Amino acid sequence: MNWLESLLIMAGILLDVFAAMEIQGAMIAHLKKRTLIIACGVVATVELIFYLFGYVSCWFLSSEGYIPNPEYYGEAVAAIVLALLGCRLLFKAVERKFIQEHRRDAIRVFDYIRLVVMSSIYTAAAGCVCGLVGVTIWQVVIMILLISIVMVVCGLYTGLHYGFENKTIAYVAGALLLWGVSVEMFLHRIFDVI
């Protein structure tokens, strides 16, 4: 797995965070810098914790020999997991979830932390996949930090200015990114075998 695939995977997964923050941004009248900094820090920290948990778990299993030939099987598992994560995002795109919208002065961490933790479970799955195929961990940690900050800032400002109806586009874009990487990994594995 190269850095471009890692970048696309993280961007696809974190588009779910974008949608969650867009909903929060749609409900506030004014976005304070302090709120923005706290949201970026909380989301980046939660995403990193879940990613590292998944990565270390699968890396440990493969390094101890519990998973034979982890790089060979890792790409197949990665293609399947990413395709399923893309299906989940597409399901969220077509789902018409009722959102209780009301204006607030500011958003609190408890308003969005549950949504971020649910999204981070899928980041842990991506971390597990990266642990199997032997991705350089520092490269992905930097990507998670940067992409999560960009998604939080863009999501809050998009929600603040345009409402939360654009979340469907974010879900579809995330699904397409994850499916694209999944197909690329699958084709790469087929052509290596042939």
Side-chain angles (χ1 to χ4, degrees), residues 3-56 85-86 88-90 92-93 95-127 130 135-178 181:
W3 68 271
L4 182 60
E5 290 172 335
S6 300
L7 179 70
L8 294 175
I9 290 169
M10 290 304 123
I13 289 173
L14 289 171
L15 276 165
D16 194 14
V17 171
F18 172 89
M21 298 313 287
E22 184 179 18
I23 293 168
Q24 296 301 315
M27 294 186 211
I28 56 175
H30 177 58
L31 185 58
K32 299 175 185 170
K33 288 183 182 177
R34 180 176 181 262
T35 303
L36 189 63
I37 291 170
I38 290 171
C40 289
V42 167
V43 170
T45 302
V46 170
E47 291 289 334
L48 277 175
I49 289 169
F50 276 81
Y51 176 82
L52 291 173
F53 175 76
Y55 183 91
V56 169
L85 292 177
R88 177 193 146 274
L89 285 177
L90 192 62
K92 286 180 84 169
E95 179 185 46
R96 291 290 172 203
K97 193 173 184 180
F98 177 72
I99 298 171
Q100 183 69 31
E101 184 179 8
H102 59 281
R103 282 282 184 202
R104 302 180 204 160
D105 293 331
I107 58 172
R108 297 177 309 271
V109 173
F110 297 111
D111 294 338
Y112 58 85
I113 192 69
R114 184 181 56 82
L115 298 170
V116 171
V117 168
M118 291 306 295
S119 170
S120 296
I121 291 170
Y122 304 105
T123 304
C130 291
V135 172
T136 306
I137 192 160
W138 297 113
Q139 173 184 356
V140 179
V141 165
I142 293 169
M143 283 183 203
I144 290 173
L145 285 172
L146 293 176
I147 295 171
S148 63
I149 290 169
V150 168
M151 292 299 175
V152 168
V153 171
C154 291
L156 284 172
Y157 277 111
T158 301
L160 181 67
H161 294 292
Y162 302 109
F164 59 83
E165 289 303 317
N166 293 322
K167 66 182 175 27
T168 303
I169 297 169
Y171 289 138
V172 171
L176 291 175
L177 285 174
L178 293 173
V181 174

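The basis for the numbers below is simple: all heavy atoms, side chains too, and nothing from hydrogens, waters or symmetry mates. Given the structure is predicted, the values throughout are model-derived calculations rather than measurements.
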Closest heavy-atom contact between I13 and A126?
CD1-CB, 3.3 Å
Separation between OG1 of T168 and CD of E22, rounded to the nearest 0.5 Å
8.5 Å
Of all the heavy-atom pairs spanning S148 and L14, show the shortest one and how long it is.
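Closest approach of S148 to L14, heavy atoms only: N-CD1, 3.7 Å.
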What are the two closest non-hydrogen atoms of V141 and L48, and how far apart are they?
CG1-CD2, 3.8 Å
Any donor-acceptor pair under 3.5 Å from T158 side chain to C154 backbone:
yes
Heavy-atom side-chain proximity of F18 to V150 below 4.5 angstrom
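When only atoms from C-beta onward are counted, V150 and F18 do not touch, as no gap falls below 4.5 Å.
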So, do M151 and V43 sit near enough that their side-chain heavy atoms are less than 4.5 Å apart?
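Not touching, per the 4.5 Å side-chain cut-off.
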Interatomic distance, CG@L7 vs CG@L177, rounded to 0.5 Å, equals 9.0 Å
May I ask you to test the L15-Y171 pair for a side-chain heavy-atom distance under 4.5 Å?
no
Between OG of S120 and CD1 of I49, what distance do you get to the nearest 0.5 Å?
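Output value for this atom pair is 9.0 Å.
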From L146 atom CG to M10 atom CE, the distance as rounded to the nearest 0.5 Å
13.0 Å
Minimum side-chain heavy-atom gap I137-L52 below 4.5 Å
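The answer is yes; the side chains approach within 4.5 Å.
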Any chance you could measure R88, atom CZ, to I121, atom CD1, to the nearest 0.5 Å?
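That separation rounds to 9.0 Å.
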Hey, are the side chains of E47 and V116 touching, using non-hydrogen atoms and a 4.5 Å cut-off?
yes
Determine whether L89 and L85 make a side-chain contact, defined as any pair of heavy atoms from C-beta on separated by less than 4.5 Å.
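Counting from C-beta outward, L89 and L85 never come under 4.5 Å.
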Kindly give the heavy-atom pair with the smallest separation between G86 and L178, and that separation in Å.
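Shortest heavy-atom separation between G86 and L178 comes out as N-CD1, 3.8 Å.
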Using 0.5 Å steps for rounding, measure from the CD1 atom of I147 to the OG atom of S6.
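Separation between the atoms: 9.5 Å.
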